Amino acid sequence: MRQARRLKSIRYDLRGPVLRRAQELEAVGNRIIKLNLGNPAPWGLSTPEPIVAHVVHNLGAAQGYSDARGIYSARVAVAQYYQSQGATDIQPDDVMLGNGVSELITMGLQALLDNGDEVLVPSPDYPLWSAAVTLSGGRAVHYRCDESAGWMPDLEHLAAQVTEHTRAMVIINPNNPTGAVYDRETLLGMIEIARRHGLLIFVDEIYDKIVYDGARHHTLAALADDVPIVSLGGLSKTYRAAGFRSGWLALSGFAAGDNDYFDGLQLLANMRLCPNVPAQHAIQTALGGYQSIEALIKPGGRLHEQRDLAWRELTAIPGVDCVRPDGALYLFPRLDPAIYKIHDDEQLVFDLLEQQHVLLSHGTGFNIDKPHHLRLVFLADPEVLSEAISRLGVFLAGYQQ
């Protein structure tokens with residue numbers, strides 16, 4: 001029984017064959033250092049207790065279907081959050097909740113695209129975006145992010161990718177996998193391209209509060225009120241609630257009476273009945289009050305120090321350089337092609353796994369066109385990070401393809 005043909009052109013390597021091989025090795029007793037997924041809980045970064053307590057407190061009221069868009073109190077909390085960031089026009093009826101941002105990415109694209117429509121997606125990207133475009137019948141057209149400029153989007157290259165078939169632009173800020181946090185000027189330039197060509201913007205801001213060393217995240221919806229924007233966020237990273245699968249989208253910048261896209265979203269929301277109801281009760285508590293992520297990202301905080309340690313030790317390996325990330329949870333180091341003659345980076349991470357029992361992600365899995373990068377998640381304790389990077393250095397010292 002064959003799979004659907006459209007799946008043959010889709011890649012989601014983060015949970016692909018390399019991870020399956022790691023699971024096989026674990027099943028026969030090997031200890032694998034897994035630095036491939038941005039999943040906080042396995043590394044002791046637990047969901048804040050007030051969020052868990054509020055979900056438990058509301059379990060009795062969470063036994064039936066909710067409104068297909070999500071419970072009202074949570075949608076109010078999301079709208080108020082965007083208003084506090086300067087997107088003052090977003091109201092509760094502009095908000096829709098979902099089973100994580102992943103579901104909402106797919107729904108948002110399905111509501112927009114016809115077969116053959118094009119979407120501008122960053123390279124490198126979080127690969128779900130490219131995969132979801134394809135699943136929705138569209139074509140992902142990748143625009144270059146410039147490593148030599150701190151992984152900022154190349155606006156000239158972005159503009160050159162627009163055709164008569166382009167419907168939308170994707171912005172991931174802070175970026176996964178590079179950790180780049182886009183400055184205001186860059187974002188305004190991207191908005192202007194969308195304005196000029198009548199494009200909808202999807203902005204993935206799941207890491208909006210995970211920024212370091214004075215970097216500032218600019219909420220895109222606060223920068224323009226005349227360009228249609230679908231803003232996406234959730235609880236998985238900032239609030240360490242990845243397993244809750246609790247996310248949201250908010251619409252802004254649509255012209256008065258322009259309801260057709262929203263009606264399509266509403267249809268898709270109705271078809272999935274509703275989001276996970278218990279997890280929706282986490283949103284109001286998460287978005288209100290003290291944000292415990294602040295203690296983790298400041299100097300001396302766990303995420304800040306682990307980022308710095310991993311960056312120092314990676315860049316101490318001969319032939320490895322890396323733009324130090326200003327946000328998110330990842331390092332995206334580059335292997336100097338003059339030293340490391342890599343033509344298949346997926347084979348490299350397979351070989352690293354087999355020889356050193358360290359699991360990383362290969363760069364081409366993030367839709368970058370050269371096999372010279374790896375992604376490393378720095379959520380692990382310092383001792384584990386140091387051990388993994390030391391093993392990577394030993395592996396690279398003798399590696400050939």
Side-chain angles (χ1 to χ4, degrees), residues 13-16 18-27 29-48 126 174-179 206-207 209-213 235-243 292-317 320 322-335 348-363 365-366 373-396:
D13 292 345
L14 297 185
R15 294 178 180 269
V18 185
L19 176 59
R20 290 196 293 273
R21 179 55 182 154
Q23 293 166 336
E24 292 170 357
L25 290 170
E26 282 186 315
N30 294 289
R31 170 181 173 255
I32 307 299
I33 302 178
K34 292 186 282 189
L35 304 181
N36 61 314
L37 296 177
N39 186 11
W43 302 110
L45 290 159
S46 301
T47 308
Y126 176 56
N175 185 268
N176 174 11
T178 67
I206 190 70
Y207 301 97
K209 289 189 177 299
I210 305 180
V211 293
Y212 309 99
D213 297 331
L235 300 186
S236 61
K237 310 301 183 181
T238 293
Y239 309 97
R240 282 91 69 209
S292 58
I293 191 66
E294 293 173 9
L296 299 174
I297 61 176
K298 67 183 182 181
R302 175 174 169 177
L303 292 178
H304 185 283
E305 299 309 300
Q306 289 171 188
R307 177 206 62 163
D308 283 357
L309 178 147
W311 179 80
R312 286 195 307 269
E313 296 192 1
L314 269 175
T315 55
I317 299 173
V320 177
C322 182
V323 176
R324 188 164 69 168
D326 287 328
L329 305 170
Y330 314 102
L331 293 163
F332 200 59
R334 174 180 177 272
L335 308 182
L348 181 147
V349 295
F350 263 117
D351 294 339
L352 173 65
L353 174 64
E354 296 285 354
Q355 296 178 30
Q356 294 291 336
H357 292 174
V358 173
L359 178 59
L360 303 182
S361 302
H362 53 291
F366 299 90
H373 291 83
L374 302 170
R375 192 190 74 165
L376 179 148
V377 179
F378 56 80
L379 285 167
D381 295 332
E383 296 79 9
V384 176
L385 284 173
S386 290
E387 181 182 356
I389 295 169
S390 175
R391 293 187 191 185
L392 174 63
V394 169
F395 168 80
L396 289 174

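Everything numeric in this text was worked out from a predicted model, so none of it was measured.
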Taking the side chain as every heavy atom from C-beta outward, state whether Tyr212 and Asp326 have any atom pair closer than 4.5 Å. no

Report yes or no: does Arg240 contribute a side-chain atom to a donor-acceptor pair with the main-chain N or O of Thr238 at less than 3.5 Å? yes

Hey, can you tell me if Tyr330 and Tyr207 have their rings parallel, tilted or perpendicular (30° and 60° cut-offs)? perpendicular

Leu379 backbone acceptor or donor facing Arg302 side chain under 3.5 Å: yes

Would you give me the side-chain donor-acceptor pairs under 3.5 Å for residues 39-46, sequence neighbours excluded?
none

Would you say Pro325 and Leu331 make side-chain contact, with heavy atoms under 4.5 Å? yes

If you measure from the Lys or Arg side-chain nitrogens to the Asp or Glu carboxylate oxygens, is any gap between Glu24 and Arg20 under 4.0 Å? no

Tyr239: side chain to side chain donor-acceptor pair (under 3.5 Å) partners, not counting sequence neighbours: none

Side chain of Trp311, backbone of Cys322: donor and acceptor closer than 3.5 Å? yes

Do you know which of Leu396, Val18, Leu392 makes side chain to side chain contact (heavy atoms under 4.5 Å, CB included) with Leu352? Leu392

Tell me every residue that passes side chain to side chain donor-acceptor pair (under 3.5 Å) with Thr315, counting only those two or more places apart in sequence or in another chain. none

Is there a donor-acceptor contact under 3.5 Å from the side chain of Gln306 to the main chain of Ala380? yes

